[in-house]
Protein chains: 2
Amino acid sequence: MPADTPPTSKDVAAAAGVSQSTVSMVLSGKWPGRVSERTAQKVRAAAERLGYRPNPAARNLRLGRTRTIMLVIPTITAPFFASVHLGAARVAAEHGFSLVVFTWPLEPGGPFDGPQEAIDGMLASSMAEATLAGMRRPVPLVMLDSDPAGTAPTVNFDIDGAMRDLTGHLADLGHHRIGHVAADIDVWTFQCRAAALAARVPDVVTERAAISFTTGFEAATRLLTRHDRPTALVCDDDTLAVGAYKAARALGLDVPGDVAITGFDDMLLAEALELTTVRLPAEQLGARAMLGLLDLLNGRTPPRPVLPAELVIRRSTSPSAPLTTDGHTEPAARTAS
Amino acid sequence: MPADTPPTSKDVAAAAGVSQSTVSMVLSGKWPGRVSERTAQKVRAAAERLGYRPNPAARNLRLGRTRTIMLVIPTITAPFFASVHLGAARVAAEHGFSLVVFTWPLEPGGPFDGPQEAIDGMLASSMAEATLAGMRRPVPLVMLDSDPAGTAPTVNFDIDGAMRDLTGHLADLGHHRIGHVAADIDVWTFQCRAAALAARVPDVVTERAAISFTTGFEAATRLLTRHDRPTALVCDDDTLAVGAYKAARALGLDVPGDVAITGFDDMLLAEALELTTVRLPAEQLGARAMLGLLDLLNGRTPPRPVLPAELVIRRSTSPSAPLTTDGHTEPAARTAS
DNA sequence: CTGAAAGCGCTTACAG
DNA sequence: CTGAAAGCGCTTACAG
């Protein structure tokens with residue numbers, strides 16, 4: 001008996017005094033009616049005793065599948081995508097799948113010209129389906145936070161509903177002139193925000209910015225130095241909202257007294273600066289997408305859920321909140337869900 | 001020729017008019033001196049034409065390895081660990097390895113009782129080596145941000161040097177009474193901060209807190225309501241520092257006028273709130289660790305690098321900065337490196 | 001220089 | 001109810 005090499009089903013068979021194929025039958029759970037309970041017992045005991053774990057490479061080769069799913073995201077360092085990953089990985093693990101992350105195509109310095117591993121399916125978030133074309137042999141695919149008009153099933157947020165709540169909230173506060181700090185990335189999720197906002201605020205003025213504090217700062221500064229200065233800035237995500245917040249402060253404007261500011265995502269940043277924002281349930285997005293992919297792999301038609309996105313009202317839009325000179329307030333208010 | 005099944009080396013062999021073993025030789029790059037240039041040419045052309053990719057499962061089975069590395073981290077949603085992941089994944093990909101993330105043991109609701117996949121090596125960050133015991137068959141391991149006294153090679157930050165710079169900076173500003181908002185997680189990286197701080201500030205007063213805004217807020221409040229109120233709060237990470245910042249504001253204290261505040265990590269949060277902090281190069285940590293693991297897998301002894309951690313001075317410790325009532329300042333100052 | 005063969009560890013007909 | 005055998009697609013001695 002080899003000492004430092006993992007036990008194989010053959011070793012288990014020898015230990016249990018049965019054939020290797022019987023071991024396989026028993027351990028794969030297909031034995032009832034084909035193997036006696038007594039034999040199954042022996043096999044399980046031997047496997048346990050030896051610490052046997054089936055060799056995944058052998059199984060994959062035999063079965064022609066890998067139980068590996070690739071998650072394609074623009075970046076792993078944005079908390080939003082880290083949460084998507086978490087949700088997807090959890091569901092994957094619960095079903096015996098593993099998840100590899102592929103950051104593409106935006107990650108600076110990414111070394112990939114394409115993923116190396118063989119995969120059974122793919123999840124891709126916040127990008128155009130066409131982006132994935134020619135990437136590899138086609139496998140079942142679910143798109144997240146992406147254009148539902150594509151061919152792949154999607155899991156999305158109710159951006160439109162969120163924008164309705166958000167513009168309604170701003171209207172209630174008496175805001176007429178709205179500025180939009182828009183992400184200058186040409187993907188559906190941001191197009192969707194722009195369309196939903198324009199539908200409700202036809203005279204919205206827009207400035208585009210890459211997603212960073214400084215670019216958000218600059219875009220917001222352009223908006224806030226117009227002669228018809230907006231009284232509210234709707235930002236496409238929390239990072240841009242932080243930039244906008246700083247821009248307002250730099251211009252000597254009070255938030256929310258002179259200008260209201262909102263974001264999207266509800267990451268730690270928004271909580272730290274007490275920004276009103278739309279909470280996008282990223283972890284749930286990842287989980288539901290993985291569930292949909294599992295459906296696809298089992299030949300079922302997955303649902304195409306649209307997840308509710310909750311408006312989280314905090315100080316940056318609450319003129320009624322007790323203002324202090326330094327901007328601190330009591331714990332953040334939340335809308336009832 | 002099967003239409004929808006991936007081409008195998010046998011298909012390539014048929015197309016090139018050679019044997020399957022020759023295809024393997026050529027494509028694995030071991031052919032020079034064993035196969036003629038002309039034959040190699042033909043094989044490569046055929047492989048290209050058919051879009052051949054070797055089946056990883058077959059290769060893994062034959063070779064007895066997986067080229068898969070497991071990265072064990074407490075959570076993927078903390079930006080610090082997302083950056084570690086990014087650095088490690090990049091190096092892994094450059095060397096044809098893939099990386100799977102295993103969040104353990106802290107992720108709430110994590111479904112794992114252990115990883116499923118077969119792996120060639122393991123990277124584990126910010127935990128005790130003993131935590132990993134019994135988790136699986138032993139494989140080469142590199143520990144990150146962890147006790148260098150363990151048996152596994154480590155990659156670490158120069159926490160001690162950073163603390164020296166930090167306490168020096170605070171001393172220069174005239175701070176005598178220092179409070180420590182300490183993470184109440186019993187791992188080396190935080191023990192290290194405590195020891196380095198206590199060595200330089202023997203009368204430091206400490207409050208412990210779980211890593212969150214609210215717990216940081218509470219711990220800082222306890223420190224700031226002492227009769228001998230600290231004039232500076234050193235926090236174990238940026239999240240705690242945000243909580244401390246809010247606590248100071250809630251007590252009507254000016255930052256940095258009444259109390260200076262510092263963090264660790266230099267995540268987006270710190271930049272957004274303009275907190276002085278120690279920048280821990282997380283991505284580099286991941287990359288260097290992966291490199292070390294590669295050494296280990298190749299039978300070499302990896303170095304045990306200690307990465308410099310830079311003090312980033314921002315408004316929260318800069319009484320000389322132009323203060324506005326709302327806390328905004330000019331772009332963050334940085335120490336020369 | 002090239003090919004036929006063995007074998008990695010499984011799963012699944014197939015035979016008894 | 002149980003086992004012997006084939007075969008998934010590779011890599012690597014081994015033979016020529």
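The figures here come from the full heavy-atom set of this structure, side chains too, leaving out hydrogens, waters and symmetry mates. Throughout, protein chains are lettered first and strands after them, A, B, ... in sequence-line order, and every chain is numbered starting at 1.
- Residues forming a side-chain hydrogen bond (donor to acceptor under 3.5 Å, both in side chains) with B:S9 (at least two apart in sequence, or on another chain): B:Q20.
- In this structure A:D186 satisfies the side-chain hydrogen bond (donor to acceptor under 3.5 Å, both in side chains) test together with A:Q191, sequence neighbours excluded.
- Taking A:A124 as the reference, A:V72, A:M127, A:L132, A:L141, A:M143 meet the side chain to side chain contact (heavy atoms under 4.5 Å, CB included) condition, with sequence neighbours excluded.
- With sequence neighbours left out, A:E48 forms a salt bridge (Lys or Arg N to Asp or Glu O under 4.0 Å) with no residue at all.
- Remark: A:T39 pairs with A:S36 by the side-chain hydrogen bond (donor to acceptor under 3.5 Å, both in side chains) rule, at least two apart or across chains.
- Of the residues in residues 17-25 of chain B, those with a non-hydrogen atom less than 4.0 angstrom from any atom of DNA chain D are B:Q20, B:S21, B:S24.
- In terms of the side chain to side chain contact (heavy atoms under 4.5 Å, CB included) criterion, residue partners of B:S28 (sequence neighbours excluded) are, by chain and number, B:K30.
- Both A:S28 and B:V35 lie near DNA chain C, and the one whose nearest nucleotide falls closer to the 5' end is B:V35.
- Here the rule is side chain to side chain contact (heavy atoms under 4.5 Å, CB included) with B:F97, and of B:I119, B:L297, B:T68, B:T66 only B:L297 fits it.
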Return one dot-bracket line describing DNA chain D 5' to 3' (Watson-Crick or G-U wobble pairs, both distances under 3.5 Å; ( ) same strand, [ ] crossing, | another strand, . none).
-> |||.||||||||.|||
What donor-acceptor contacts under 3.5 angstrom involve side-chain atoms of residues 55-63 of chain B, with partners at least two apart or in another chain?
| from | atom 1 | to | atom 2 | distance (Å) |
| --- | --- | --- | --- | --- |
| B:N55 | OD1 | B:A57 | N | 2.7 |
| B:N55 | OD1 | B:A58 | N | 3.1 |
| B:N60 | ND2 | B:P56 | O | 3.2 |

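- Contacts of A:R38 classified as side-chain hydrogen bond (donor to acceptor under 3.5 Å, both in side chains), with partners at least two apart in sequence or in another chain: none.
- Sequence order on DNA chain D of the closest nucleotides to A:L63 and A:S36 puts A:S36 first from the 5' end.
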Show which side-chain atoms of residues 300-308 of chain B pair as donor or acceptor with protein atoms under 3.5 Å away, not counting sequence neighbours.
| from | atom 1 | to | atom 2 | distance (Å) |
| --- | --- | --- | --- | --- |
| B:R300 | NE | B:D295 | OD1 | 3.1 |
| B:R300 | NH2 | B:D295 | OD1 | 2.8 |

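- A 4.0 Å heavy-atom criterion places the boundary nucleotides of DNA chain D facing chain A at D:dC1 to D:dG9, written 5' to 3'.
- Nearest-nucleotide positions on DNA chain C for B:A40 and A:N55 put B:A40 closer to the 5' end.
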